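What follows is one structure encoded as C-alpha coordinates, with my remarks underneath.
What you see is a predicted model, and the numbers here were worked out from it, not measured in a lab. Chain naming here is simple, since letters A, B, ... match the order of the sequence lines and numbering starts at 1 in each.
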Amino acid sequence: MFTATLVLTALGFSLGGLLGYAAKLISVGEENSVSDEIEAMLPGSQCGQCGFPGCRPAAEAIASGEADVTCCPPGGRSLVESLADLLGIDINSIGATAAPMLARIDESLCTGCTRCYKVCPTDAIVGATKQIHAVINRACTGCSKCLDACPEDCISLSPEAVDLNSWHWPKPQLV
Amino acid sequence: MEYVMLLGSTVLVNNIVLAKFLGLCPLMGVSNKLSSAVGMGIATAFVLTLSAFSGWLIETWVLVPLNIEFLRILCFILIIAAIVQFTELVMRKLSPVLHRSLGIFLPLITTNCAVLGVALLNVREKHDLAQSLVYGLGCAIGFTLVMIIFAGIRERLAIADVPETFAGTPVGLVTAGLLSLVFMGFSGML
(Lines give C-alpha, C1' and ligand atoms only; values in the text may rest on other atoms or scores of the structure.)
Protein backbone atom coordinates (compact mmCIF):
# COMPACT_ATOMS: atom_id res chain seq x y z
CA MET A 1 0.00 0.00 0.00
CA PHE A 2 2.82 2.30 0.92
CA THR A 3 4.49 1.76 -2.47
CA ALA A 4 1.27 2.47 -4.32
CA THR A 5 0.74 5.78 -2.51
CA LEU A 6 4.36 6.73 -3.05
CA VAL A 7 4.27 5.90 -6.77
CA LEU A 8 1.07 7.84 -7.38
CA THR A 9 2.35 10.84 -5.46
CA ALA A 10 5.67 10.77 -7.30
CA LEU A 11 3.90 10.46 -10.64
CA GLY A 12 1.54 13.31 -9.83
CA PHE A 13 4.34 15.56 -8.67
CA SER A 14 6.59 14.91 -11.65
CA LEU A 15 3.80 15.30 -14.23
CA GLY A 16 2.54 18.45 -12.52
CA GLY A 17 6.04 19.88 -12.41
CA LEU A 18 6.65 19.09 -16.08
CA LEU A 19 3.34 20.67 -17.06
CA GLY A 20 4.04 23.77 -15.03
CA TYR A 21 7.43 24.13 -16.65
CA ALA A 22 5.95 23.58 -20.12
CA ALA A 23 3.23 26.17 -19.45
CA LYS A 24 5.90 28.69 -18.53
CA LEU A 25 7.96 27.82 -21.57
CA ILE A 26 5.19 28.13 -24.15
CA SER A 27 2.91 30.67 -22.55
CA VAL A 28 0.75 32.99 -24.61
CA GLY A 29 -0.25 36.50 -23.64
CA GLU A 30 -3.76 35.78 -22.38
CA GLU A 31 -5.42 34.62 -25.61
CA ASN A 32 -4.54 37.85 -27.34
CA SER A 33 -3.88 36.26 -30.70
CA VAL A 34 -7.55 35.70 -31.57
CA SER A 35 -8.51 39.26 -30.66
CA ASP A 36 -5.52 40.48 -32.66
CA GLU A 37 -6.73 38.59 -35.67
CA ILE A 38 -10.29 39.89 -35.27
CA GLU A 39 -9.07 43.44 -34.75
CA ALA A 40 -7.16 43.27 -38.02
CA MET A 41 -10.38 42.30 -39.79
CA LEU A 42 -12.51 45.10 -38.30
CA PRO A 43 -12.64 48.42 -40.16
CA GLY A 44 -10.50 50.15 -37.53
CA SER A 45 -12.31 53.48 -37.74
CA GLN A 46 -13.11 53.39 -33.99
CA CYS A 47 -16.62 54.62 -34.79
CA GLY A 48 -18.27 53.05 -31.76
CA GLN A 49 -21.47 51.98 -33.50
CA CYS A 50 -21.12 48.52 -31.91
CA GLY A 51 -21.47 50.05 -28.45
CA PHE A 52 -17.83 49.49 -27.54
CA PRO A 53 -15.38 52.37 -27.19
CA GLY A 54 -13.36 51.24 -30.21
CA CYS A 55 -12.37 48.39 -32.44
CA ARG A 56 -9.92 46.82 -29.97
CA PRO A 57 -12.49 46.36 -27.16
CA ALA A 58 -15.02 45.16 -29.73
CA ALA A 59 -12.54 42.58 -31.04
CA GLU A 60 -11.90 41.36 -27.50
CA ALA A 61 -15.64 41.10 -26.85
CA ILE A 62 -16.19 39.16 -30.08
CA ALA A 63 -13.28 36.85 -29.25
CA SER A 64 -14.66 36.09 -25.80
CA GLY A 65 -18.14 35.59 -27.19
CA GLU A 66 -19.69 38.57 -25.39
CA ALA A 67 -20.49 40.45 -28.57
CA ASP A 68 -22.19 39.10 -31.65
CA VAL A 69 -20.27 38.81 -34.90
CA THR A 70 -22.97 41.02 -36.43
CA CYS A 71 -22.21 43.91 -34.11
CA CYS A 72 -20.20 45.91 -36.64
CA PRO A 73 -22.44 47.76 -39.12
CA PRO A 74 -19.61 49.34 -41.19
CA GLY A 75 -18.14 45.89 -41.81
CA GLY A 76 -21.31 44.67 -43.43
CA ARG A 77 -22.14 41.16 -44.51
CA SER A 78 -18.65 40.33 -45.77
CA LEU A 79 -17.09 41.01 -42.36
CA VAL A 80 -19.77 38.90 -40.66
CA GLU A 81 -19.03 36.02 -43.01
CA SER A 82 -15.28 36.13 -42.50
CA LEU A 83 -15.69 36.44 -38.71
CA ALA A 84 -18.07 33.49 -38.67
CA ASP A 85 -15.56 31.52 -40.70
CA LEU A 86 -12.75 32.41 -38.30
CA LEU A 87 -14.71 31.56 -35.17
CA GLY A 88 -16.33 28.44 -36.59
CA ILE A 89 -19.90 29.76 -36.38
CA ASP A 90 -22.45 28.32 -38.79
CA ILE A 91 -23.09 31.05 -41.33
CA ASN A 92 -26.72 29.98 -41.76
CA SER A 93 -27.49 30.56 -38.09
CA ILE A 94 -26.78 34.26 -38.47
CA GLY A 95 -29.83 36.33 -39.31
CA ALA A 96 -30.03 39.58 -41.20
CA THR A 97 -27.18 41.99 -40.70
CA ALA A 98 -27.34 45.75 -40.72
CA ALA A 99 -26.64 47.11 -44.17
CA PRO A 100 -23.64 49.41 -44.33
CA MET A 101 -24.65 53.06 -44.33
CA LEU A 102 -23.05 55.77 -46.42
CA ALA A 103 -22.88 59.47 -45.68
CA ARG A 104 -24.18 61.82 -48.34
CA ILE A 105 -23.61 65.56 -48.48
CA ASP A 106 -26.42 67.79 -49.70
CA GLU A 107 -24.49 70.04 -51.98
CA SER A 108 -27.07 72.83 -51.95
CA LEU A 109 -26.55 73.32 -48.21
CA CYS A 110 -22.81 72.68 -47.84
CA THR A 111 -20.83 75.78 -47.04
CA GLY A 112 -17.38 74.23 -47.27
CA CYS A 113 -16.54 74.63 -43.59
CA THR A 114 -14.21 71.55 -43.60
CA ARG A 115 -15.46 70.47 -40.16
CA CYS A 116 -16.79 67.16 -41.43
CA TYR A 117 -13.64 66.06 -43.12
CA LYS A 118 -11.58 66.84 -40.07
CA VAL A 119 -13.59 64.39 -37.96
CA CYS A 120 -13.81 61.67 -40.61
CA PRO A 121 -11.80 58.69 -39.28
CA THR A 122 -11.35 57.13 -42.71
CA ASP A 123 -10.60 60.28 -44.73
CA ALA A 124 -13.66 59.56 -46.81
CA ILE A 125 -14.63 63.22 -47.24
CA VAL A 126 -12.75 65.37 -49.71
CA GLY A 127 -12.92 69.12 -50.10
CA ALA A 128 -11.24 72.35 -49.10
CA THR A 129 -12.25 75.59 -47.42
CA LYS A 130 -15.19 77.20 -49.20
CA GLN A 131 -15.33 74.30 -51.62
CA ILE A 132 -18.30 71.95 -51.62
CA HIS A 133 -17.32 68.65 -49.97
CA ALA A 134 -18.03 65.20 -51.29
CA VAL A 135 -17.99 61.69 -49.85
CA ILE A 136 -15.91 58.90 -51.34
CA ASN A 137 -18.34 55.99 -51.07
CA ARG A 138 -15.72 53.28 -51.06
CA ALA A 139 -13.95 54.76 -48.05
CA CYS A 140 -17.03 55.74 -46.02
CA THR A 141 -17.91 53.38 -43.15
CA GLY A 142 -21.10 55.13 -42.13
CA CYS A 143 -19.82 55.95 -38.65
CA SER A 144 -22.02 59.09 -38.44
CA LYS A 145 -19.28 61.22 -36.87
CA CYS A 146 -19.62 63.81 -39.62
CA LEU A 147 -23.35 64.20 -38.89
CA ASP A 148 -22.60 65.68 -35.47
CA ALA A 149 -19.83 67.88 -36.80
CA CYS A 150 -21.80 69.51 -39.62
CA PRO A 151 -23.18 72.92 -38.59
CA GLU A 152 -25.54 73.06 -41.58
CA ASP A 153 -27.12 69.61 -41.04
CA CYS A 154 -26.48 68.88 -44.67
CA ILE A 155 -25.09 65.34 -44.22
CA SER A 156 -27.44 62.37 -44.17
CA LEU A 157 -26.89 58.62 -43.86
CA SER A 158 -28.52 56.27 -46.29
CA PRO A 159 -28.10 52.55 -46.98
CA GLU A 160 -25.52 51.71 -49.56
CA ALA A 161 -26.97 51.45 -53.05
CA VAL A 162 -26.62 48.05 -54.69
CA ASP A 163 -23.78 47.95 -57.19
CA LEU A 164 -21.61 45.31 -58.77
CA ASN A 165 -19.48 44.91 -55.62
CA SER A 166 -22.28 44.58 -53.10
CA TRP A 167 -24.92 42.64 -55.04
CA HIS A 168 -25.38 39.01 -54.12
CA TRP A 169 -27.87 36.30 -54.97
CA PRO A 170 -31.09 36.41 -52.99
CA LYS A 171 -31.50 33.60 -50.50
CA PRO A 172 -33.28 30.59 -52.00
CA GLN A 173 -36.85 30.10 -50.82
CA LEU A 174 -37.29 27.30 -48.29
CA VAL A 175 -39.21 24.37 -49.73
CA MET B 1 7.44 -6.30 -42.29
CA GLU B 2 5.85 -7.33 -39.04
CA TYR B 3 5.44 -3.68 -38.06
CA VAL B 4 3.92 -2.78 -41.42
CA MET B 5 1.39 -5.56 -40.97
CA LEU B 6 0.60 -4.36 -37.45
CA LEU B 7 0.22 -0.77 -38.66
CA GLY B 8 -2.00 -1.77 -41.58
CA SER B 9 -4.20 -3.99 -39.46
CA THR B 10 -4.72 -1.33 -36.77
CA VAL B 11 -5.43 1.44 -39.31
CA LEU B 12 -7.88 -0.48 -41.50
CA VAL B 13 -8.92 -3.89 -40.20
CA ASN B 14 -9.08 -3.30 -36.45
CA ASN B 15 -9.88 0.38 -36.79
CA ILE B 16 -10.21 1.79 -33.30
CA VAL B 17 -13.42 3.69 -34.06
CA LEU B 18 -15.27 1.57 -36.58
CA ALA B 19 -14.28 -1.95 -35.51
CA LYS B 20 -13.69 -1.54 -31.76
CA PHE B 21 -16.22 1.30 -31.34
CA LEU B 22 -14.00 3.37 -29.07
CA GLY B 23 -13.94 7.15 -29.19
CA LEU B 24 -17.37 7.71 -30.70
CA CYS B 25 -17.92 10.95 -28.79
CA PRO B 26 -15.59 13.14 -30.88
CA LEU B 27 -16.70 11.23 -33.99
CA MET B 28 -20.21 12.58 -33.57
CA GLY B 29 -19.31 15.80 -31.76
CA VAL B 30 -16.58 17.44 -33.83
CA SER B 31 -17.30 16.12 -37.31
CA ASN B 32 -19.54 18.95 -38.49
CA LYS B 33 -16.73 20.83 -40.18
CA LEU B 34 -13.84 19.28 -42.06
CA SER B 35 -11.26 21.75 -40.75
CA SER B 36 -12.07 21.19 -37.07
CA ALA B 37 -12.30 17.44 -37.66
CA VAL B 38 -8.77 17.48 -39.07
CA GLY B 39 -7.58 19.50 -36.06
CA MET B 40 -9.31 17.16 -33.63
CA GLY B 41 -7.95 14.12 -35.45
CA ILE B 42 -4.39 15.36 -35.30
CA ALA B 43 -4.66 16.43 -31.64
CA THR B 44 -6.10 13.04 -30.67
CA ALA B 45 -3.53 11.23 -32.80
CA PHE B 46 -0.75 13.05 -30.96
CA VAL B 47 -2.21 12.17 -27.57
CA LEU B 48 -2.92 8.57 -28.62
CA THR B 49 0.60 7.85 -29.81
CA LEU B 50 2.25 9.54 -26.87
CA SER B 51 0.02 7.85 -24.29
CA ALA B 52 0.48 4.42 -25.85
CA PHE B 53 4.24 4.99 -25.63
CA SER B 54 4.34 6.35 -22.08
CA GLY B 55 1.74 3.82 -20.96
CA TRP B 56 4.16 1.08 -21.93
CA LEU B 57 7.03 2.81 -20.12
CA ILE B 58 5.04 3.15 -16.89
CA GLU B 59 3.71 -0.40 -17.12
CA THR B 60 7.10 -1.99 -17.69
CA TRP B 61 9.33 0.15 -15.54
CA VAL B 62 7.08 1.12 -12.64
CA LEU B 63 3.96 -0.98 -12.28
CA VAL B 64 5.34 -4.46 -12.97
CA PRO B 65 8.63 -4.18 -11.00
CA LEU B 66 6.82 -2.75 -7.97
CA ASN B 67 4.01 -5.29 -8.30
CA ILE B 68 1.26 -2.68 -8.29
CA GLU B 69 -0.55 -3.52 -11.54
CA PHE B 70 -3.89 -2.77 -9.86
CA LEU B 71 -3.04 0.94 -10.19
CA ARG B 72 -2.82 0.63 -13.98
CA ILE B 73 -5.99 2.53 -14.90
CA LEU B 74 -5.30 5.27 -12.38
CA CYS B 75 -1.73 5.80 -13.61
CA PHE B 76 -2.74 5.72 -17.27
CA ILE B 77 -5.49 8.30 -16.69
CA LEU B 78 -2.96 10.51 -14.91
CA ILE B 79 -0.53 10.32 -17.82
CA ILE B 80 -3.23 10.87 -20.42
CA ALA B 81 -4.55 13.91 -18.56
CA ALA B 82 -1.05 15.38 -18.44
CA ILE B 83 -0.47 14.76 -22.17
CA VAL B 84 -3.82 16.33 -23.05
CA GLN B 85 -2.98 19.39 -20.98
CA PHE B 86 0.32 19.63 -22.79
CA THR B 87 -1.40 19.31 -26.16
CA GLU B 88 -3.80 22.06 -25.20
CA LEU B 89 -0.91 24.33 -24.24
CA VAL B 90 0.84 23.69 -27.55
CA MET B 91 -2.33 24.19 -29.56
CA ARG B 92 -3.18 27.44 -27.80
CA LYS B 93 0.26 28.67 -28.76
CA LEU B 94 0.31 27.41 -32.35
CA SER B 95 -3.29 27.76 -33.46
CA PRO B 96 -5.53 29.84 -31.17
CA VAL B 97 -8.35 29.75 -33.70
CA LEU B 98 -8.38 25.95 -33.79
CA HIS B 99 -8.11 25.93 -30.00
CA ARG B 100 -11.26 28.05 -29.87
CA SER B 101 -13.22 26.08 -32.42
CA LEU B 102 -12.47 22.75 -30.72
CA GLY B 103 -13.55 24.26 -27.41
CA ILE B 104 -14.56 21.74 -24.76
CA PHE B 105 -13.72 18.77 -26.98
CA LEU B 106 -10.01 19.40 -26.57
CA PRO B 107 -9.83 18.78 -22.79
CA LEU B 108 -12.38 16.02 -23.32
CA ILE B 109 -9.72 14.00 -25.18
CA THR B 110 -8.78 12.95 -21.64
CA THR B 111 -12.01 11.03 -21.35
CA ASN B 112 -11.86 9.71 -24.91
CA CYS B 113 -12.04 5.97 -24.34
CA ALA B 114 -9.92 5.33 -27.44
CA VAL B 115 -6.87 6.84 -25.70
CA LEU B 116 -7.18 4.77 -22.51
CA GLY B 117 -8.34 1.80 -24.57
CA VAL B 118 -5.19 1.74 -26.70
CA ALA B 119 -2.95 1.96 -23.63
CA LEU B 120 -4.82 -0.91 -21.96
CA LEU B 121 -4.96 -2.99 -25.15
CA ASN B 122 -1.18 -2.65 -25.43
CA VAL B 123 -0.85 -4.27 -22.02
CA ARG B 124 -3.35 -7.02 -22.84
CA GLU B 125 -1.67 -7.88 -26.14
CA LYS B 126 1.73 -7.94 -24.38
CA HIS B 127 3.33 -5.63 -26.94
CA ASP B 128 6.96 -4.59 -26.60
CA LEU B 129 8.01 -0.92 -26.85
CA ALA B 130 8.23 -0.76 -30.64
CA GLN B 131 5.01 -2.67 -31.07
CA SER B 132 3.24 -0.37 -28.60
CA LEU B 133 4.46 2.64 -30.50
CA VAL B 134 3.36 1.23 -33.85
CA TYR B 135 0.03 0.13 -32.39
CA GLY B 136 -0.58 3.61 -30.94
CA LEU B 137 0.43 5.25 -34.20
CA GLY B 138 -1.81 2.92 -36.20
CA CYS B 139 -4.80 3.66 -33.99
CA ALA B 140 -4.02 7.38 -34.22
CA ILE B 141 -3.88 7.27 -38.03
CA GLY B 142 -7.05 5.17 -38.10
CA PHE B 143 -8.85 7.62 -35.85
CA THR B 144 -7.78 10.65 -37.90
CA LEU B 145 -8.69 8.88 -41.13
CA VAL B 146 -12.19 8.07 -39.90
CA MET B 147 -12.67 11.60 -38.54
CA ILE B 148 -11.74 13.11 -41.91
CA ILE B 149 -13.86 10.69 -43.95
CA PHE B 150 -16.83 11.11 -41.64
CA ALA B 151 -16.56 14.93 -41.59
CA GLY B 152 -16.46 14.94 -45.38
CA ILE B 153 -19.60 12.82 -45.53
CA ARG B 154 -21.38 14.94 -42.93
CA GLU B 155 -20.58 18.16 -44.79
CA ARG B 156 -22.46 16.68 -47.73
CA LEU B 157 -25.22 15.33 -45.52
CA ALA B 158 -25.80 18.86 -44.24
CA ILE B 159 -26.95 19.99 -47.68
CA ALA B 160 -28.64 16.71 -48.64
CA ASP B 161 -32.40 16.28 -48.64
CA VAL B 162 -32.78 14.15 -45.48
CA PRO B 163 -36.26 13.31 -44.11
CA GLU B 164 -37.02 15.61 -41.22
CA THR B 165 -37.14 12.81 -38.64
CA PHE B 166 -33.61 11.74 -39.52
CA ALA B 167 -32.03 15.14 -39.97
CA GLY B 168 -28.92 15.91 -37.91
CA THR B 169 -27.47 13.33 -35.52
CA PRO B 170 -29.72 10.34 -36.43
CA VAL B 171 -28.61 10.27 -40.04
CA GLY B 172 -25.05 10.80 -38.78
CA LEU B 173 -25.31 7.64 -36.66
CA VAL B 174 -26.79 5.67 -39.56
CA THR B 175 -23.90 6.86 -41.74
CA ALA B 176 -21.38 5.85 -39.06
CA GLY B 177 -22.92 2.38 -39.09
CA LEU B 178 -22.63 2.13 -42.86
CA LEU B 179 -19.04 3.37 -42.68
CA SER B 180 -18.34 0.67 -40.10
CA LEU B 181 -19.75 -1.92 -42.51
CA VAL B 182 -17.40 -0.61 -45.18
CA PHE B 183 -14.42 -1.01 -42.86
CA MET B 184 -15.51 -4.55 -42.02
CA GLY B 185 -14.78 -5.27 -45.65
CA PHE B 186 -11.06 -4.72 -44.98
CA SER B 187 -10.94 -7.71 -42.64
CA GLY B 188 -10.29 -10.04 -45.57
CA MET B 189 -7.21 -8.08 -46.59
CA LEU B 190 -4.70 -9.02 -43.93
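Under the 4.5 Å side-chain heavy-atom criterion for grouping Ile, Leu, Val, Met, Phe, Trp and Tyr, B/M28 is connected to B/I149 within one hydrophobic cluster. A single hydrophobic cluster is not seen to contain both B/I58 and B/V64; linkage of ILVMFWY side chains at heavy-atom distances under 4.5 Å, directly or through other members, places them apart. When the side chains of ILVMFWY residues are joined at heavy-atom separations under 4.5 Å, either directly or via intervening members, B/I42 and B/V11 end up in two distinct hydrophobic clusters. A chain of hydrophobic side-chain contacts below 4.5 Å, direct or via other Ile, Leu, Val, Met, Phe, Trp or Tyr residues, connects B/L27 to B/L173. Residue B/V90 is not grouped with residue A/L18 when hydrophobic side chains (ILVMFWY) are merged at heavy-atom distances under 4.5 angstrom, including chains of intermediate members.
Within residues 121-148 of chain B, no residue approaches chain A closer than 4.5 Å by heavy atoms.
Using a 4.5 Å cut-off between heavy atoms, B/L78 touches chain A through backbone and side chain atoms alike. Contacts of B/I83 with chain A are absent, with no heavy-atom separation under 4.5 Å from either backbone or side chain.
Residue B/Y3 places its OH atom among more than 12 non-hydrogen atoms of other residues, nucleotides or ligands, all under 6.0 Å distant. At most 12 heavy atoms of other shown residues, nucleotides or ligands fall within 6.0 angstrom of atom CZ in B/F86. Counting heavy atoms of neighbouring residues, nucleotides and ligands inside a 6.0 Å radius, atom CD1 of B/I73 does not exceed 12 of them. Few gaps surround CZ on B/F70; more than 12 heavy atoms of other groups in view lie less than 6.0 Å from it.
If you take OG1 on A/T3 and CG on B/L71, they are separated by 9.5 Å, rounding to the nearest 0.5 Å. Of the inter-residue distances, the one linking A/L25 atom CG with B/K93 atom NZ reads 9.0 Å to the nearest 0.5 angstrom. Separating the CG atom in A/L15 from the OG atom in B/S54 is a distance of 8.5 Å, to the nearest 0.5 Å. We find the CG-CG distance between B/L89 and A/L19 to be 6.5 Å, quoted to the nearest 0.5 Å.
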Original post:
Could you walk me through whether A/L11 and B/V62 pass the side-chain contact (heavy atoms from CB on, under 4.5 Å) check?
Top reply: CA-CA 10 Å; A/L11 206 61; B/V62 180; 5.9 Å; no
